[in-house]
Every structure is written in C-alpha cells, then in structure tokens.
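Comments concern the structure below.
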Amino acid sequence: MNNPQLTKNGELKHLLSIEGLPKAILNQILDTAESFVGVAEREVKKVPLLRGKTVCNIFFENSTRTRTTFEIAAKRLSADVINLNVNTSSQSKGETILDTVDNLIAMHADMFVIRHAQSGAAHFIARHVAPHIRVINAGDGRHAHPTQGLLDVFTIRRYKPDMHNLRIAIVGDVLHSRVARSEIHALTTLGVPEVRVIAPKTLLPHDVERLGVQVYHDMNAGLKDVDVVMMLRLQNERMNGALLPSAQEYFKCYGLTQEKLALAKPDAIVMHPGPMNRGVEIDSAVADGAQSVILPQVTYGIAVRMAVMSILAGNTEE
Amino acid sequence: MNLPDAEQLILSLADQVRPLLDEGAALVGIHSGGAWLAQRIQKLYGKNVDLGTLDISFYRDDFSRIGLHPQIKPSDIPFDVEERPIVLVDDVLFTGRTVRAAMNELFDYGRPGKVTLAALVDRGGRELPIEAQIVGAHIPLQPQQNLHLLRDEHGTLSLKLHEAA
C-alpha cells in the first residue's frame, strides 16, 4: 500500500494522479483553492508562501495554457519559475529525462511540474528524486492530468455546490483523454451519483464501465436532464488510424449545439478543458453562450494550482 | 485561575473602538476569534461600518515548518483599503507574529491610513515590536499556557485557558 503521492503521515507529497487519493485530500485542495481565488483580485496579486523556492516547469510536450497557468500560479506564490520546453532543448541532443532533472536539482530546484507524452513519466521522476523535492504531473500520455481534473471539479462545485445531487455528462474522445480519466476519478471520489460518458464506441476504452460511469452512444439520450456538460477535445494529433469518418460527421453526431444543449437542465453549465476545436466538438454559439463556464475554468485553474503547490511545499514531513 | 467574562470585555473593547469608527475607520478581524469580535463590535456600534476578515495562513512565518493550515477561510476585504483608517481586531495578543502577518496581508490590498490594533486580551510574551493600542484585559500568562476564545452555538463568546503538558 505504498502510495508514492503520500508521506508516511498520509499527507500529499507529489500530485501524480487523482486515482488513489482520499476524498479528504481532494477536499483540502478544493477548499484551499477557494482562498486563492480572491488573491487575484487584490492590488498585489501575490502571497509569500513559496518565497525562495524554485519551480521548474518541464514540458516534454507542448501546452501553452497549462504551462502558463502553472507559471502564473507559481509566481503568485512568490516562487522563482524556470520554464523548459525540452523537445527544443537538450533532449534533442540525447540527454535522458533523469539527467535533465538531476541537472535542475543541482541548480537547487524545489518543485517540478512535468508534462510528458509518455504515461507514467511523472511517477518515474517522483520515484527518482530526493525526499525534499516535489513533483506535479501536468499531463502524462493517456494516463492522468490531475490538476485539470481538480480545476474542473472546483468549477463544478462553484456553480453547483451540492455534489451529491448532480448528473454529469462527459462527451467526446474519452479513449485518448487523460483529462477524462482524472475527471471521472475526482467526481466519483467526491460522491457525484451519476457520471455519464457519451462517445462513439471507437473513442471509448473497452473497460470504461469499470470507472463507475454510465455509457451512452447517443447525445440525445445522454444529455437528457444533466446538470453539467463536460466537452472533451477531439484529439486529432493522437488519432492514428481511421477512428472517425470525418470532423464534419463527428460534429453532426457529437458536437455540442444549442439544440442538443436544450436537452440538459435549463441551468446546466458547459465546460471544456481547451483548446477548443470550434465547429468540431463544440459550436461557437455554445462556447461563447450564457451557459459556458469555459473561461472561468481557466481562472480557477490558477487558484487550484496555487493550492496544490502550496500544500505540497508545506508537507515537509518525510 | 479566574478568567474575565469575554462578553463583558467585548463591551469595553467596543466602547474604546467607537471613537475611531466615528472618525470613519473600518473594522478588520483576524480569523477566527478576531473576526467574531469585529462582527460583535460592528453590531454594538449600531451604525453602518465596513467590516472585513483576514485569514493570515498564506502569510505565516512558520509555513516552512508546519505547512499550510488544513482549514483556510478566504480573506475578505469588501472595501477600498487605500488611505482608509483601519481597526485591526484580534482575540489574544501573544508573540505578535499573527499581527505581523495580518499587516503584511492588509498592505497587499492597498496602503491603509492609520492602523490601530485592538485585542480582547493581551497575554504578554511578545517576540516582535508590536503593541495593541486598545486592550480589553491584560492577563499575563506563562509560555506553556494557551488562551483561546471560544464561540458556542448561541454565538456567546468565552475565554478558555489550556495548560500544555
């Protein structure tokens, strides 16, 4: 039962995956994030918690939004931040991941934020580093993207505080989506009674029911009376082989339009982790519409990442 | 040890704060005891007065030793701090570290005018050059003694002494 994410006292040490984290820790992160939301509205948008710490964002895979929000989060905690896009730096010269990390530790880095195309990359680094170093998974392959899952849940909680009374639909490319996995784990752990996934068979993992979700292949049935619609990006760059006839065909069946959204509850909210493919998985009228909370998700993402970083940095017991 | 009645001390504290509020000061309570007190002072004042609360968890000087408090409440300063006189309210003034953190946080909202510190109890034992201008009672205590302000389900406040082993 050795969970590499937790200290001996059961406190959060690294954030690698939502799977296996107790409800109390998820709630601690979400509650702490509430206090960080207001920091962005002050004259000085900074608190001194990570003063003197160095946070390294190592992105072995591009992601402007995630990297930027991690960078802003660390800076609002007063940390120093180094950004490395490794696909453009030494790895192209043959340096291994651990060499890259060791070099940064030799420069006295305290915390690593890791994005990698390979599932398990952040776990690998977390097992390797010295006990005082902290690691946050910012997306590894198809496996997990825990801070995205947490910020989605945080957004839902802000608009729909009664988590025990919600019906939530996750729509789209679940198969290739680490975001969907993290969302599902977070929602079920926090006691959301009904989580649906809506997708064609070719975009669902074969054992998806084991995650505790209800499976729909039809938008009209799946969106009926839901409180939250979470759209996923159609991961074009991950698509190898003909899983879909065409983007147009996909939009016709699984794209979110105002008409389809009308099947959900009238006060349902619409979410998307970004970047959006307008006209592929979501219509612009919905993305920019009154029910969309897509931009608040970005804002809350900073508060959630500040919460995660400060909780990790504060749990110094080994 | 006989502790004074917290409810009586609040009346005295509110009387002493009143002239400052008459001059336009706002109340800021330090979470949690100071926030309860600031609310009570606002009520006793009877007129409209701006009220804010600070949870100083993000500004503590012992973060690197004890980490983040597991239950943080959002700070809330719903008025413009710039040039505003402020009465900062705390329950028990001890080392002065909480007040230092609160002042650091307050200044991140803007540059206040005159800041006055009001404490229900000054128990001595300062580790920083900080003093309260308004005090409900002076109760000198030993370092191993802890004095807490408690609130029951009716909102009644009381003081409780705790002796560390």
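A, B, ... follow the sequence lines: proteins, then strands. Residue 1 opens every chain.
With respect to B:Asp62 and B:Arg97, no salt bridge is recorded, no charged nitrogen being found less than 4.0 Å from a carboxylate O.
At a 4.5 Å heavy-atom cutoff, B:Ile77 makes no contact with chain A through either its backbone or its side chain. For A:Ala24, no part lies near chain B; criterion is any non-hydrogen pair under 4.5 Å. Using a 4.5 Å cut-off between heavy atoms, A:Lys45 makes no contact with chain B at all. The part of B:Glu82 that comes within reach of chain A is its side chain, from C-beta onward, which places non-hydrogen atoms under 4.5 angstrom from that chain.
In this structure, B:Phe58 and A:Phe36 have parallel ring planes: the angle between them is below the 30° cut-off, well short of the 60° mark.
Environment of OH in A:Tyr159: crowded, with over 12 heavy atoms of neighbouring residues, nucleotides or ligands closer than 6.0 Å.
Looking at residues two or more places apart in sequence or on another chain, you find a salt bridge (charged side-chain N to carboxylate O under 4.0 Å, His left out) between A:Arg158 and A:Glu34.
Contact count versus chain B (heavy atoms, under 4.5 Å) is highest, among A:Leu49, A:Val47, A:Asn27, for A:Leu49.
A side chain to side chain contact (heavy atoms under 4.5 Å, CB included) with A:Leu15 is found for one member of A:Leu150, A:Asn137, A:Ile311, A:Val135 and no other, namely A:Leu150.
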